[in-house]
Amino acid sequence: MLDSEASDAIMMRRCVTLAQSARRSGEYPFAAVIARRGELVCESLNMVKAERDVTRHAEMVAIALAQKKLRATSLDDCTLYSTIEPCAMCSYAIRETRIGRVVFSLRSPVMGGNSRWNVLTDTHLSSVLPEVFAPPPVVLSGYLQEHVQKVFQDRNPLAWRFMKARKIFVHGSDAEHAASSNTGLRLGPWSSLANWARAVAIDRLWRS
Ligand SMILES: [Zn+2]
């Protein structure tokens, strides 16, 4: 059995390679890998576009696969690897399945289940309902940040510029600044343009 550090390096590289393959299926390069005690359990890309279902984030699909494969709802001794910080929805699923460790690359100050809404390391869940929720998982961020950023940039340079400018996904060291600079951000007169962008550009690009 590999130690955590060696296993993390192998699994995160696998996660980045998987994200690179998203180009073939037209999905955005969100990828997740689940390992148990250093051994691969399962992996998944984002399936939102393929299934026209916004709940099919890579982490959600991987969690469902892992539960089926291990024939268990509880994944205590598993580590989830992800290219991007899990969102609030995925973070809640991580907490309910009691995944013990979460390792990801870029932070998500706008949508993240740790940076924005603290679901991932919230202690209230486990202190009030310890029979359901385990203590928070160990969370490690910033793995292969340059590689993941390059995958997103190569996939769609224009979309990546948009994400970077809005500080949607950031390097760990930028997370605090991004979180504060996004506070109170309003589109004002650009809201109708944003409506158009959602329907015409973003949905077509990401989800349809
Ligand atoms: Zn998610």
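Order of listing sets the numbers, starting from 1, for every ligand and every atom in it. Any value given below was found using the heavy atoms of this structure, including those in side chains, with hydrogens, waters and symmetry copies removed.
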Between the main-chain N or O of [Y] and the side-chain N or O of [X], is there a donor-acceptor pair closer than 3.5 Å?
X	Y	result
Arg155	Gly26	yes
Arg101	Tyr81	no
Arg107	Val170	no
Lys69	Val41	yes

Go around the Zn ion (ligand 1) and count every protein N, O or S atom nearer than 2.8 Å.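 Considering protein N, O and S only, the Zn ion (ligand 1) has 3 within range.
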Rounded to the nearest 0.5 Å, what separation is found between the OG atom of Ser82 and the CG atom of Leu18?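 The CG atom of Leu18 is 10.5 Å from OG of Ser82, to the nearest 0.5 Å.
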Under the side-chain hydrogen bond (donor to acceptor under 3.5 Å, both in side chains) test against Glu85, which residue among Ser115, Ser141, Ser108 passes?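 Per the side-chain hydrogen bond (donor to acceptor under 3.5 Å, both in side chains) rule, the option paired with Glu85 is Ser115, out of Ser115, Ser141, Ser108.
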